[in-house]
Structure formats: structure tokens, C-alpha cells
Asker: 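Shown below is the structure under consideration.
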Amino acid sequence: MKIQFVGCGDAFGSGGRANTCFHVTGENVNFLIDCGASSLPALKRLGVACDDIDLVLITHFHGDHFAGLPFLLLDAQFSRRTRPLTIAGPRGIEARLAQVMEALFEKSSKTRQRFELAVVALEPGSDWTFGALRITPHSVVHGDSGGPFLAYRIEIDGCVIAYSADTEWTDTLVPLAREADLFIAEAYFYDKIVRNHLSLKTLEAHLQEIAPKRLILTHMSDDMLARLDGLTYTGASDGMVVEL
Ligand SMILES: [Zn+2]
Ligand SMILES: [Zn+2]
């Protein structure tokens with residue numbers, strides 16, 4: 001299995017990085033985790049065949065994680081996609097998707113797709129199975145607009161990928177990522193504590209308990225990016241590929 005960081009940036013283009021979008025492929029899986037506004041050009045720059053993607057898993061409705069969907073769907077329509085596509089995310093996703101489609105491309109939410117499009121709302125604590133994937137959504141803490149906010153623990157043929165999404169520290173992150181083969185964690189700041197986001201120092205204090213087999217930091221601010229070289233942690237970069 002392979003994960004490519006298509007985009008690992010924040011909402012402000014820190015470090016010139018594209019908005020959040022991870023592409024996971026394996027024998028039986030081909031899906032995206034998040035689809036921020038800049039995701040379609042980023043996917044194309046990396047030569048990803050978008051029509052082969054079966055699922056887009058959305059963590060929350062902020063533009064840097066969600067607003068790439070209208071572009072992805074329009075491109076699928078015009079490239080004459082036939083393969084079914086599923087979009088899954090927090091409660092309310094159907095209405096949110098229609099809103100963002102209308103805001104960016106008027107009338108596009110009413111277009112009848114040439115391919116089968118399923119939109120699925122996920123609930124924290126309720127496992128969801130999609131083909132070879134077993135997905136456990138966990139509720140995380142990221143403010144009072146743009147939610148509900150979900151982090152995902154994803155199991156594929158016994159291999160576990162956990163993604164914190166955007167969140168301040170919450171104890172949920174322990175079961176979310178415990179002993180995961182790969183934990184992709186937000187590290188927005190190095191040591192500054194802010195609401196709604198996670199700093200590396202806070203995460204570090206819990207790492208022994210979480211015990212991920214591998215940790216990759218993402219969604220870093222300029223402050224965090226400037227310190228990365230001096231640290232022993234691995235930071236994601238756009239285009240980076242991780243084999244699991
Ligand atoms: Zn974000
Ligand atoms: Zn966010």
C-alpha cells in the first residue's frame with residue numbers, strides 16, 4: 001500500500017504547499033483523504049488518474065479540506081467518468097456539498113452525473129465498511145463552524161492508517177492512532193498552544209501512550225515549517241510517497 005501526500009498545507013498556503021489531500025492506493029483500494037481547494041491541479045501535477053479514485057473521505061467542511069470537490073466532480077463529468085464515486089464525511093455532507101458546488105459553479109449541484117455518485121454521512125463511533133476499508137470516525141475538536149469534525153482510523157487488510165484531521169488536543173487521539181502503522185498528525189505550531197489546532201509539543205507529550213509505528217506531521221504553519229529541519233520528526237511534503 002502506498003500513500004502520497006498530494007497536499008499537506010494549511011488554509012493559508014504556508015510554505016507554498018497545496019491544501020490537504022492524501023492519496024491512498026493498494027491492491028484493493030484507491031481513495032483520497034480530504035480534498036482541499038487546490039487538490040485537482042495538485043493531483044494532476046503528480047499524474048494521478050482521478051477517474052480511478054473510488055472514494056473521497058472528508059474530515060470537515062473547511063475549504064482547505066473540502067473545497068476541491070466541485071473541481072474534482074466537474075472534471076469527472078467532463079472527462080466522461082463512468083466509474084462510480086463515493087464521497088463520505090461528517091453529518092450534513094450532502095447539503096454542504098450542494099452549497100459549495102452552487103457557490104463555485106452555479107447550477108452544478110443539479111447536474112445529473114454520467115457516473116453513479118453516492119454521498120454518505122458518517123457518525124463518530126460507528127464503523128463504516130467500504131470495500132476492503134474499515135473506517136472508524138472519531139469526533140475531534142476544531143471550533144464551532146465548519147464541522148462536525150471527524151478524524152479517521154482506517155484499517156486496510158490489517159494495516160492501520162490514522163489521521164488526526166484538524167484538531168486541538170483531545171484524548172480521542174489516543175484510541176484513534178494507538179499503535180497505528182502510520183499516524184498522520186497535525187502539527188500546526190511547534191510549542192504555541194492555540195485553540196482548534198495541535199502543536200508538536202502537545203502531541204509529543206502523548207506519543208508514548210499513542211505509540212504509533214510511524215508518525216508523519218502535516219498541516220504545518222510557517223512557524224512549524226521553519227523549525228522542521230532541526231527536529232527528528234518526519235514532516236510531510238507535497239508529492240512525498242510513503243509505502244506501508
Ligand atoms: Zn485545515
Ligand atoms: Zn480546518
Side-chain angles (χ1 to χ4, degrees), residues 3-24 31-43 56-72 87-93 95-97 99-100 103-104 121-122 124 137-154 161-170 172-173 176-177 183-190 192-200 202-203 215-226 228 233 235-240:
I3 296 192
Q4 184 162 40
F5 290 82
V6 177
C8 61
D10 59 6
F12 310 108
S14 298
R17 294 164 173 231
N19 296 150
T20 297
C21 182
F22 314 142
H23 184 216
V24 186
F31 67 103
L32 294 181
I33 301 172
D34 278 341
C35 188
S38 57
S39 297
L40 185 64
L43 285 160
V56 185
L57 199 54
I58 297 290
T59 59
H60 64 294
F61 305 122
H62 286 157
D64 58 316
H65 297 258
F66 174 62
L69 285 175
F71 301 100
L72 190 79
I87 295 172
R91 190 183 335 117
I93 189 164
R96 292 289 199 145
L97 181 60
Q99 284 166 4
V100 74
L104 299 190
L122 304 177
H138 290 252
S139 237
V140 289
V141 183
H142 187 46
D144 54 13
S145 58
F149 305 102
L150 297 179
Y152 294 114
R153 184 178 175 97
I154 304 164
I161 300 169
Y163 172 40
S164 68
D166 289 0
T167 183
E168 59 188 58
W169 175 259
T170 161
T172 303
L173 294 178
L176 172 91
F183 179 25
I184 305 168
E186 175 182 32
Y188 198 58
F189 285 110
Y190 175 66
K192 192 169 144 189
I193 309 291
V194 295
R195 288 181 59 206
N196 306 336
H197 288 285
L198 197 56
S199 78
L200 178 60
T202 308
L203 176 67
L215 171 71
I216 295 185
L217 308 177
T218 189
H219 205 276
M220 293 173 275
S221 66
D222 284 327
D223 159 81
M224 181 59 209
L225 286 169
L228 197 55
Y233 295 101
S237 56
D238 289 2
M240 177 175 152

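First listed ligand is number 1; within each ligand, the first listed atom is number 1. Numbers here simply count residues along the sequence, with the first being 1.
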Asker: Any luck finding a side-chain donor-acceptor pair between Asp223 and Tyr190 under 3.5 Å?
Answerer: no

Asker: Specify whether an N/O/S atom of Asp64 falls short of 2.8 Å from the Zn ion (ligand 1).
Answerer: yes

Asker: For the residue pair Phe189 and His197, is the inter-centroid distance of their aromatic rings smaller than 6.0 Å?
Answerer: no

Asker: What angle, in degrees and rounded to 10°, do you get at the Zn ion (ligand 2) when you join it to OD2 of Asp166 and to NE2 of His60?
Answerer: 90°

Asker: Cut-off 3.5 Å, side chains only: do His142 and Asn196 have a donor facing an acceptor?
Answerer: no

Asker: What N/O/S atom of His142 gets nearest to the Zn ion (ligand 2)?
Answerer: NE2

Asker: Is the distance from the Zn ion (ligand 1) to the nearest N/O/S atom of His219 under 2.8 Å?
Answerer: yes

Asker: With a 4.5 Å cut-off on side-chain heavy atoms, are Leu150 and His60 touching?
Answerer: no

Asker: Determine whether the aromatic ring centres of Phe5 and Phe22 lie less than 6.0 Å apart.
Answerer: yes

Asker: Could you tell me which N, O or S atom of His62 is nearest to the Zn ion (ligand 2)?
Answerer: ND1

